[in-house]
Trainee: 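Can you keep this structure in mind? I'll have questions shortly.
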Amino acid sequence: MATVVNNDLIQIERLELGPYGTNAYILVCRKTGESVIVDAPADAAKILKLLKDTDPQYILITHNHMDHTGALSELKSTLNLPVAAHAHDAGQLPVAADQLLNDGDKISFGDIQLSVLHTPGHTPGSICFLSGNYLIAGDTIFPGGPGRTGSPADFNRIMESLTRKIFVLPDDLQIFPGHGNSTILKKERRAFEAFSAGPHEPNLCGDVLWEK
């Protein structure tokens, strides 16, 4: 567990869980104690322990891959919270989604508001959650490259998502991905621009890095 943000408005905790080192995030409104969970990889007991002194409101899912949803059924049955995901991924979750999210939707808890960014490519329904200077990015973007894609068409989609939704945000935006450590948007944008300006395979997909 690591506290990655702690200020007067919001606290964000990161838990690295499960065999794939998947990140779950707990966002807490410092004024009210209300919280949300973003992704439920594994080890529900660890997530529940961290929620103990908060008032949880939602379980938010960035996308439907099993390494992000392994503890979802247990969390849902224990907490009886609404589960929210994008419509394109909701049908493959281990529990039914209570709320279908679309691009531009808002999720509020306490004094915090999260904006939903639909960023398809890694999956059709991949979404990120933006609050102020912080982006919970799922598997859309990582330090050094985009999320894994299964086809050239998916790679083109994730590149479009990054161009239209992510790289238009402020330079100092902190990105918290679905695996590994955080990064800063300015650094990733520069690497992306250098990658885009250079030659690369026309059928590129899979695990791609901005710098070879």
Trainee: Would you say NZ of Lys106 has more than 12 non-hydrogen atoms from neighbouring residues, nucleotides or ligands within 6.0 angstrom?
Mentor: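 Atom NZ in Lys106 is packed in, count exceeds 12.
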
Trainee: Can you classify the ring geometry of Phe142 versus His179 as parallel (below 30°), tilted (30 to 60°) or perpendicular (above 60°)?
Mentor: tilted

Trainee: Between Glu74 and Lys76, is there a side-chain N and carboxylate O pair less than 4.0 Å apart?
Mentor: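 Between Lys76 and Glu74 there is no salt bridge, as every charged N stays at least 4.0 Å from the carboxylate O atoms.
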
Trainee: Applying ring pair (Phe, Tyr, Trp, His ring centres under 6.0 Å) between His63 and each of His86, His118, His68, report the one that passes.
Mentor: His68

Trainee: Atom OG1 in Thr119, atom CD in Glu160: separation rounded to 0.5 Å?
Mentor: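 Going from OG1 on Thr119 over to CD on Glu160, the span is 11.5 Å.
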
Trainee: Could you go through the salt bridge (Lys or Arg N to Asp or Glu O under 4.0 Å) check for Arg14 and Glu16 one step at a time?
Mentor: CA-CA 7 Å; Arg14 176 175 67 88; Glu16 188 175 333; 3.6 Å; yes

Trainee: Could you list the residues that satisfy salt bridge (charged side-chain N to carboxylate O under 4.0 Å, His left out) with Lys46, not counting sequence neighbours?
Mentor: none

Trainee: Under 6.0 Å from the CE atom of Met159, do we count more than 12 heavy atoms belonging to anything else shown?
Mentor: yes

Trainee: Supply the atom-to-atom distance Ser151 OG to Asn203 CG, rounded to the nearest 0.5 angstrom.
Mentor: 10.0 Å

Trainee: Would you mind reporting whether Thr163 and Phe192 have side-chain heavy atoms less than 4.5 Å apart?
Mentor: yes

Trainee: Would you kindly confirm whether Leu50 and Leu79 end up in one hydrophobic cluster when ILVMFWY residues are joined by side chain heavy atoms under 4.5 Å apart?
Mentor: yes

Trainee: For His65, run the side chain to side chain donor-acceptor pair (under 3.5 Å) check against Arg148, Gln92, His122 and tell me which one passes.
Mentor: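 Of the listed options, the one satisfying the test is His122.
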
Trainee: Would you call Thr22 and Asp67 a side-chain contact if the rule is heavy atoms closer than 4.5 Å?
Mentor: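 In contact.
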
Trainee: If you take all heavy atoms of Leu93 and Ala85, which pair is closest and at what distance?
Mentor: CD1-CB, 3.8 Å

Trainee: Return the NE2 to CG distance between His88 and Leu100, rounded to the nearest 0.5 Å.
Mentor: 10.5 Å

Trainee: Roughly how far apart are Leu101 CG and Asp89 CG, rounded to 0.5 Å?
Mentor: 11.0 Å

Trainee: Give me the atom names and distance for the closest heavy-atom approach of Ile47 to Ala42.
Mentor: CD1-O, 3.8 Å

Trainee: Can you measure from CG (Asn181) to CD1 (Ile175) and round to the nearest 0.5 angstrom?
Mentor: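 Answer rounded to 0.5 Å: 13.0 Å.
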
Trainee: Is there a donor-acceptor pair closer than 3.5 Å between any side-chain N or O of Glu34 and the backbone N or O of Thr54?
Mentor: no

Trainee: Which residues pass the ring-ring contact (aromatic ring centres under 6.0 Å, His included) test with Phe109, not counting sequence neighbours?
Mentor: none

Trainee: Are the side chains of Leu185 and Asp171 in touch, meaning some heavy atoms are under 4.5 Å apart?
Mentor: no

Trainee: Please report the closest heavy-atom contact between Leu114 and Leu60, naming both atoms and the distance.
Mentor: CD1-CD1, 3.6 Å

Trainee: Is the backbone of Ser115 close enough, under 3.5 Å, to the side chain of Asp105 for a donor and an acceptor to pair up by distance?
Mentor: no

Trainee: List the atom pairs, donor and acceptor, that lie under 3.5 Å between side-chain atoms in residues 1-10 and the rest of the protein, sequence neighbours left out.
Mentor:
from, atom 1, to, atom 2, distance (Å)
Thr3, OG1, Glu13, OE1, 2.9
Thr3, OG1, Glu13, OE2, 2.9
Asn6, OD1, Arg30, NH1, 2.5
Asn7, OD1, Leu9, N, 2.8
Asn7, OD1, Ile10, N, 2.8
Asn7, ND2, Tyr134, OH, 3.1

Trainee: Would you confirm whether Asn23, through its side chain, and Gly180, through its main-chain N or O, come within 3.5 Å as a donor-acceptor pair?
Mentor: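 Yes; at least one donor-acceptor contact below 3.5 Å.
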
Trainee: Does any non-hydrogen side-chain atom of Ile166 lie less than 4.5 Å from one of Ser161?
Mentor: no

Trainee: Nearest heavy-atom pair of Leu162 and Ile141: which atoms, and what distance?
Mentor: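 Answer, listing the atom of Leu162 first, then Ile141: CD2-CB, 3.9 Å.
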
Trainee: How far apart are the closest heavy atoms of Asn64 and Thr123, and which atoms are they?
Mentor: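 Closest heavy-atom pair between Asn64 and Thr123: OD1-CG2, 3.9 Å.
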
Trainee: If we ignore hydrogens and angles and just use 3.5 Å, is the side chain of Ser108 paired with the main-chain N or O of Gln113 as donor and acceptor?
Mentor: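 Between the backbone of Gln113 and the side chain of Ser108 there is no qualifying donor-acceptor contact (under 3.5 Å).
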
Trainee: Given side chains that start at C-beta, do those of Pro143 and Glu188 come closer than 4.5 Å, heavy atoms only?
Mentor: yes

Trainee: Any idea which heavy atoms bring Thr62 and Gly138 closest together, and the distance?
Mentor: OG1-CA, 3.6 Å

Trainee: Do any N or O atoms from the side chain of Arg189 and from the backbone of Phe167 form a donor-acceptor pair under 3.5 angstrom?
Mentor: yes

Trainee: Would you compute the distance between atom CG of Leu135 and atom CG of Leu130 and round it to the nearest 0.5 angstrom?
Mentor: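 One finds 6.0 Å between CG of Leu135 and CG of Leu130.
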
